[in-house]
Number of protein chains: 2
Amino acid sequence: MASFKKDSCCNDCNLKMNMFCFLSDEQLHKVNESRFEVEFNPDEVIFKQGGPLTHIVCITKGLAKIKLEDDSNRALLLSIAKPTNMVGGPGFLTDYRHHFSVVALEKTVACFIEANMFKEIMSDNTTFSMEMISYLNKRIMMHYERLTSLTHKHMHGRIADALLYLADAIYTSDSFTTTLSRQDLADYSAMTKESAIRILKEFKDEGVISFSGDQFEILNKQSLVNISEKG
Amino acid sequence: MASFKKDSCCNDCNLKMNMFCFLSDEQLHKVNESRFEVEFNPDEVIFKQGGPLTHIVCITKGLAKIKLEDDSNRALLLSIAKPTNMVGGPGFLTDYRHHFSVVALEKTVACFIEANMFKEIMSDNTTFSMEMISYLNKRIMMHYERLTSLTHKHMHGRIADALLYLADAIYTSDSFTTTLSRQDLADYSAMTKESAIRILKEFKDEGVISFSGDQFEILNKQSLVNISEKG
DNA sequence: ATATTTGATTGACAAATATCAACGCCCCAT
DNA sequence: ATGGGGCGTTGATATTTGTCAATCAAATAT
């Protein structure tokens, strides 16, 4: 297993693990000593909502969905984590519980780092702490976008948002094969699977996208952006 | 104007200003030197979404609504700030812009503290930084609750949530007079004003609440909780 | 006092969305 | 090959929610 390196820093909203460039050599060494990797199969649970938060993970290979579960059976797919995103959660420095579940979407490798180590590092590395604050603030901006999208847009706009998210943020290509099920797409867009399917079909009929099974292609991106903006 | 004091600390979700108990005497002195207060009239804008984030404020008197505005004209009322909540925003340590508007709901006094001072303090007070991380994580938990409530619950459940929020978190009484308009209640619950009014009336007809104008009273709290949980 | 404005309310109706049932398809285990 | 089981798809229908227009009431201006 390769060690984390002090290479380029990254201001990406996703707190790539090279945020570790802010660590001292000694701190970096400590992290690399204690961290370990686990490989998960598709649909396996990496973190379970409600469970104890003892470690922060970094997705090093594969893809995982971040899922908010409520009292009924419905779920909201908050976002997707890809290499090399950090997945922590609001339980850190608060109640040390998980407030969402993380589920592997394919064969996925997660690197576990003790939450206590994070805490220790922060308590004597203020740059790292401030980078964490910056990261949390970017997550919050993302939540704001999700809140307004999910509450103010119609289904067409929400599905357009989902497709744009997958193409731009996850697969970085307008043509992609996904391991997300239709139900996952629906959970991301806060609607039923049937509604998601109908709207995907409409987009296909209108020539905005094409798909067959799990292979998608965005044919008219501007149109998708318009649909997203119109709501 | 009274100075911030190093009295009791507070683990409240709202980062009460007595989070300042984590400051050194010197830091506290610096903050008290430069901060200043402004009084706002009802409906006046304290922060405008999109504007520059140069200061963090603390609501010292009154009540203010935190409002997400989207491209169309619709707004989402995210939460309400009361004394002595801090109101910063995700622009801090990121793009230094405001990502929501803050609007006074009544005569409201806001105390302004330079964002730079916050940054300085953090860079040599790791307890303060970590307290900030804890605060941000609690805000994120709140966003999760809002996300699942607003996307998964029907209007009845959402209005029930709004009423419980006002009674429990804002007015700390099951009987309260509010300066929120029906439109504000609707914006908090992500529905139209007409729908909010209809559901309030239903609750009144069923004896769950009573109200006249802006005076509300929760008559059957358990019932309201049930409605909230059923969705 | 009277006109005007603004927010609250109501009803009729239209649009958006979920539910339910049925069916097809593909993969897998027997 | 064959019979589930799960996922995807479709259509019919019911429910939820928004829109539009009208009215009402309280507050404010003339």
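These values consider heavy atoms only, across backbone and side chains, with no hydrogens, waters or symmetry-generated copies.
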- Message: Distance check needed: D:dT16 C1' versus A:Met191 CE, whole Å only.
- Response: 15 Å

- Closer to the 5' end of DNA chain D via nearest nucleotide, is it A:Leu180 or B:Arg74? A:Leu180

- Starting at CZ of A:Arg182 and ending at P of D:dC7, how long is that distance when rounded to a whole Å? 13 Å

- Message: Using 30° and 60° as the class boundaries, would you call the ring planes of A:Tyr96 and A:Phe92 parallel, tilted or perpendicular?
- Response: perpendicular

- For A:Leu185 and D:dC7, what is the distance between atoms CG and P respectively, to the nearest whole Å? 14 Å

- Message: From CE of A:Met155 over to P of C:dA15, roughly how many Å is that when rounded to an integer?
- Response: 15 Å

- With B:Val87, which of B:Ile56, B:Ile66, B:Ile46 fulfils side-chain contact (heavy atoms from CB on, under 4.5 Å)? B:Ile66

- Nearest to side-chain heavy atoms of B:Lys193, which nucleotide of C:dT9, C:dA16, D:dT9: C:dT9

- Check the side chains of A:Thr94 and B:Asn137 for a donor-acceptor pair under 3.5 angstrom, ignoring hydrogens and angles. no

- Message: ring-ring contact (aromatic ring centres under 6.0 Å, His included), that's the test. Do B:Phe216 and B:Tyr171 meet it? Break it down for me.
- Response: CA-CA 11 Å; B:Phe216 286 79; B:Tyr171 300 109; 9.3 Å; no

- Item | Atom-pair distance (CD1 on A:Ile227; P on C:dA16), nearest Å | 14 Å

- Message: Check A:Asp168 with A:Lys221, please: is the shortest side-chain N to carboxylate O separation under 4.0 Å?
- Response: yes

- Message: Can you tell me how far apart CG (B:Leu77) and CG (B:Leu105) are? Round to the nearest 0.5 Å.
- Response: 7.5 Å

- Task: Take atom CD of B:Gln183 and atom P of C:dA8, then tell me their distance rounded to the nearest Å.
- Result: 9 Å

- Query: Of the nucleotides D:dT9, C:dA18, D:dT19, which one has an atom closest to the side chain of B:Thr192?
  - Reply: D:dT19

- Message: Just by distance, no angles: are the side chains of B:Thr151 and A:Arg74 close enough, under 3.5 Å, to form a donor-acceptor pair?
- Response: no

- Task: Any strand is fair game: report the nucleotide pairing with D:dA14 by Watson-Crick or G-U wobble, both distances under 3.5 Å, or none.
- Result: C:dT17

- Message: Hydrogens and angles aside, do A:Glu114 and A:Ser34 bring a side-chain donor and acceptor to less than 3.5 Å of each other?
- Response: no

- Task: Evaluate the ring-ring contact (aromatic ring centres under 6.0 Å, His included) criterion for residues B:His143 and A:Tyr144: first the C-alpha distance (whole Å), next the side-chain angles of each, then the deciding distance (0.1 Å), finally the verdict.
- Result: CA-CA 8 Å; B:His143 296 156; A:Tyr144 289 172; 5.4 Å; yes

- Task: For DNA chain C, determine which residues of residues 197-205 of chain B have any heavy atom closer than 4.0 angstrom to one of its atoms, and list them numerically.
- Result: B:Ile197, B:Arg198, B:Lys201

- For A:His154 and C:dA14, what is the distance between atoms NE2 and C1' respectively, to the nearest whole Å? 12 Å

- Task: Using only side-chain N and O atoms of A:Ser195, determine if any of them is under 4.0 Å from OP1 or OP2 of C:dT17.
- Result: no

- Atom pair distance, as rounded to whole Å: NZ in A:Lys153 and P in C:dA15: 23 Å

- Item | Sidechain N-carboxylate O distance under 4.0 Å for B:Asp187, B:Lys67 | no

- Message: For the residue pair A:Asp184 / A:Ser181, report whether a side-chain donor-acceptor contact shorter than 3.5 Å exists.
- Response: yes

- What closest approach, in Å, do A:Leu93 and B:Ser134 show between heavy atoms, and which atom pair accounts for it? O-OG, 3.2 Å

- Task: Would you jot down, in residue-number order, the residues of residues 39-46 of chain A having a non-hydrogen atom under 4.0 Å from DNA chain C?
- Result: none

Might you list the N or O atoms of the protein lying below 3.5 Å from N or O atoms in nucleotides 21-25 of chain C, with each pair's distance?
none

